[in-house]
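Report on the structure given below.
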Amino acid sequence: MYLSKLFLPIIREEPKDAETISHKLMIKAGLIRQISSGIYTFLPLGFKILKKVENVIREEMNNIGAQELFMPALLPREPWDETGRWDLYGDELFKLKDRRERDFCLGPTHEEIITMIVKNTIKSYKNLPLLLYQIQTKYRDEIRPRFGIIRSREFLMKDLYSFDESWESLDETYKKIFEAYKKIFDRFDLKYYIVEADSGAIGGKISHEFVAESEIGECEFVICPNCGYAANIEAAKCKEIEENILDDGELTLIHTPDMKKVEEVKNFLNVNEDRLLKSILYIADDEPILVLVRGDDEVNEIKLKNYLKAKNLRLADENEIEKYTEAPLGFAGPIGFKGKIIGDLRIKYLKNGVCGANKKDYHYKGVSFERDLKVDEITDLRKVKDKDLCPKCGEKMNMKIGIELGHTFQLGTKYSESMSAFFQDSNGELKPFIMGCYGIGLGRIIAATIEQNNDTKGIIWTKSLRPYDVIIIPVSVDDEIYKKGEELYNKIKSFGYDVVFEDRDISPGEKFKDADLIGIPYKLILGKTFINEGLIEVKRRRDDKVFKMKEEEIINFLKGELNES
RNA sequence: CGGGAUAUGGCCCAGUUUGGUAGGGCGCUUGGUUCGGGACCAAGAGGUCGCGGGUUCAAAUCCCGCUAUCCCGACCA
């Protein structure tokens, strides 16, 4: 490729609408252009890299016997009604109508569609397990698109679906895919964590997220430096912390006018947050439930929902609070509360604490757990925090964020049952498929790679994503040098390397800057070294190391370098 | 959806307080010089100042409404 012919709009200025490194660099280096919020065009260079991502994933999918297919993005409403997701998915689903006013949506994921296809095709256990995947554009109307292509509304995803005859067989399938995923992220030279994720109240048992190490990102998780336990914040468990706080006090009703929030009560009474008891009223499938956590903790609603096995869980509104606690918002408490009360493990150690009195403008102080509270159930309900104890080994865990690259999920029969997708087992009995689904965000792999590999000059591509192997830069416009460059270009190309020839009539500095920005791993520089010594300089992007060599040594050098790193 | 900010040539911005001929840098075109880390000189092309309304002799600038984009938060198989 002659650089003058490449559609490569490089920008010198910092793009004003980009904050994160990968977003800025992708725009500056001419990889992407924004079209609308969360919607991007991949320009030729970006698209070339995207294709590389795609091919690595495709290879590893094919290696485990998964078969590629291609489903539409424009989908009719009916299958979504069968599983209830037309409504459950909510505003995140892009909905539209055709000219006859029929409802359609743009697919955010394809469980319904794949199930529809398989149920009408596979009737026997003899055809299982079955692995089907596609690499296709997904649409999600995200509340807040962010970080360039990391959270966008249209994005390319590899989604794989598995169909098994039993849970045991699914376990094996899952393991196989899990290993393929590790291979994929290893091939991209990404630093990543494998994190336990929430599997939801219905169906699945196991779910994992593959999270790229990064300063930015939206996946919050904890990791134990001792045993390696890692879990998404939504799913993270923690060990009970045994702690002794103060002696019992005398239970007293105190006037706390207008003190509704933990912060206000804390300041008013001059006590620490950990001495307060937060009482939060939830409505779980129409039943009011008072949830107790310590003042400095927060309720993890997913844990709560899973524990209660509730289909619907939400915070009570103000009217419901008045109705059930007989006091306005801010004064709910367990003492005298008539409904079900469940508490977090940590409140067991509460002594001489403070809680709402179910009476406007009043709290109790001197509250002790054992003496004063009647709690129906105690379990782990709080949102894990930095330095909480590991549920496996008891060490202090660290909180981290990162970029979620992939998610694997055992679904079980959630979709097969609601859509009546059955096969006949070896006894001739009808059974629902045991399913799994597994996704990888392709754009995020590019963004995460850039987040992990860059310097002030630009992107430093890793092995499997580099858009080109080598760029040939004739430094001066000297005719002989230019011709030599062109000759070298043809020669190296003939050995199968992906080469760019810098043929633009611009200053040397700009040639170097551009090559560094787009991150080409090796620059072959023809200039004064060549004129004076007859040698060609090879400069490595990764560390700026310069190697001078004769022309005939170049191919061997490249062979060694490019294959190894 | 709450809070904050922005919108002026392809890109980055100044001009708005105090209304009076729309500016700079980068990029682009042409000619010349230059050529080892974002060169220089000269001449050019390119703008409904986000959109709609209002005030005024006169609006990028003042007033009202709307939209888009970004950031923080809430939300998120």
Side-chain angles (χ1 to χ4, degrees), chain A residues 9-20 23-24 27-28 30 33-40 80 83-85 88-93 107-112 138 140-148 151 153 157 159 161 197-204 207-209 216 218-220 232-235 298 301-302 305 314-315 404 406-412 414-415 435-439 456-458 473-479 481-482 502 504-517 523-532 536-537 539 541 544 546 548:
Chain A
I10 285 175
I11 294 177
R12 283 194 190 186
E13 284 87 8
E14 293 290 302
K16 74 170 167 173
D17 284 342
E19 292 279 316
T20 58
H23 190 192
K24 280 184 189 170
I27 291 170
K28 285 180 79 173
R33 274 302 109 98
Q34 185 176 38
I35 298 302
S36 178
S37 177
I39 302 175
Y40 290 85
W80 295 84
T83 59
R85 281 166 111 196
L88 271 178
Y89 221 100
D91 291 336
E92 222 175 298
L93 193 63
T109 173
H110 280 72
E111 284 80 12
E112 280 84 356
K138 295 285 184 279
R140 293 182 190 180
D141 195 0
E142 296 287 349
I143 295 172
R144 178 139 104 86
R146 235 196 288 216
F147 306 136
R151 169 145 298 217
R153 298 194 292 172
M157 174 167 160
D159 45 327
Y161 304 90
D198 174 56
S199 51
I202 317 159
S207 175
H208 290 94
E209 287 172 350
I216 55 135
E218 295 184 86
C219 182
E220 265 187 293
N232 186 298
I233 185 110
E234 292 178 352
E298 280 177 71
E301 292 187 7
I302 291 181
K305 191 174 172 183
R314 60 178 175 85
L315 282 168
E404 181 186 341
H407 198 159
T408 57
F409 214 103
Q410 292 196 349
L411 292 170
K414 181 175 175 180
Y415 294 91
M435 293 172 57
C437 69
Y438 319 81
T456 53
K457 291 187 288 190
I473 302 182
V475 169
S476 71
V477 285
D478 182 287
D479 230 24
I481 294 255
Y482 186 90
E502 172 58 277
R504 296 177 300 174
D505 183 17
I506 54 176
S507 72
E510 207 170 346
K511 295 178 184 173
F512 292 131
K513 293 278 189 221
D514 284 355
D516 287 342
L517 176 64
K523 295 189 280 287
L524 293 198
I525 302 164
L526 286 162
K528 63 188 180 203
T529 315
F530 184 71
I531 294 170
N532 299 336
I536 291 155
E537 276 174 65
K539 197 166 185 178
R541 172 70 179 90
D544 265 356
V546 176
K548 293 185 184 181

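Lettering of chains follows the sequences in order, A, B, ..., and the numbering in each one begins at 1. These numbers come from the heavy atoms of this one structure, side chains and all, not from hydrogens, waters or symmetry mates. What you are looking at is a predicted structure, and each value in this text was computed from that prediction instead of being measured.
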So, is [X] close to the [N] phosphate, meaning a side-chain N or O under 4.0 Å from OP1 or OP2?
| X | N | answer |
| --- | --- | --- |
| A/Arg504 | B/G38 | no |
| A/Ser37 | B/A68 | no |
| A/Arg144 | B/C70 | no |
| A/Arg146 | B/C72 | yes |

Within the 4.0 Å heavy-atom criterion, would you say [X] contacts the bases, only the backbone, or no part of the nucleic acid?
| X | answer |
| --- | --- |
| A/Asp478 | nothing |
| A/Glu14 | sugar-phosphate |
| A/Ile143 | base |
| A/Lys513 | base |
| A/Asp514 | base |

Taking pairing as Watson-Crick or G-U wobble with both contacts under 3.5 Å, can you name the mate of [N], or confirm there isn't one?
| N | value |
| --- | --- |
| B/C1 | B/G73 |
| B/A59 | none |
| B/G46 | none |
| B/A68 | B/U6 |
| B/C40 | B/G32 |
| B/U17 | none |

Using a cut-off of under 3.5 Å, enumerate the N/O to N/O pairs linking the protein to nucleotides 27-36 of chain B.
unit_1 : atom_1 : unit_2   : atom_2 : d
B/G36  : O2'    : A/Lys528 : NZ     : 3.3
B/G36  : N7     : A/Lys528 : N      : 3.1
B/G36  : O6     : A/Gly527 : N      : 3.3
B/G36  : O6     : A/Lys528 : N      : 2.6
B/G36  : O6     : A/Thr529 : N      : 3.0
B/G36  : O6     : A/Thr529 : OG1    : 3.3
B/G36  : O6     : A/Glu537 : OE2    : 3.4
B/G36  : N1     : A/Glu537 : OE2    : 2.5
B/G36  : N2     : A/Glu537 : OE1    : 2.7
B/G36  : N2     : A/Glu537 : OE2    : 3.2

If you define the side chain from C-beta out and look only at heavy atoms, does anything of A/Ile525 sit under 4.5 Å from A/Val475? yes
Pairs under 3.5 angstrom, nitrogen or oxygen only, protein versus nucleotides 40-47 of chain B, please.
none

Charged N to carboxylate O under 4.0 angstrom, [X] versus [Y]?
| X | Y | value |
| --- | --- | --- |
| A/Glu14 | A/Lys28 | yes |
| A/Glu111 | A/Arg85 | yes |
| A/Arg12 | A/Glu510 | yes |

Evaluate whether atom CG of A/Asn532 has more than 12 neighbouring non-hydrogen atoms of other residues, nucleotides or ligands under 6.0 angstrom away. yes
On RNA chain B, compare the nucleotides closest to A/Tyr40 and A/Arg85; which residue's is nearer the 5' end? A/Tyr40
Has the side chain of [X] got a donor or acceptor atom that lies under 3.5 Å from a matching backbone atom of [Y]?
| X | Y | result |
| --- | --- | --- |
| A/Thr408 | A/Ser207 | no |
| A/Lys511 | A/Pro474 | yes |
| A/Gln34 | A/Ser36 | yes |

Say you draw a straight line from CG of A/Asn232 to NE2 of A/His407; how long is it, rounded to the nearest 0.5 Å? 8.0 Å
Nearest 0.5 Å, please: how far is NE2 in A/His23 from CD1 in A/Ile27? 3.5 Å
Length of the line joining A/Ile10:CD1 and B/G37:P, which is rounded to integer Å: 18 Å
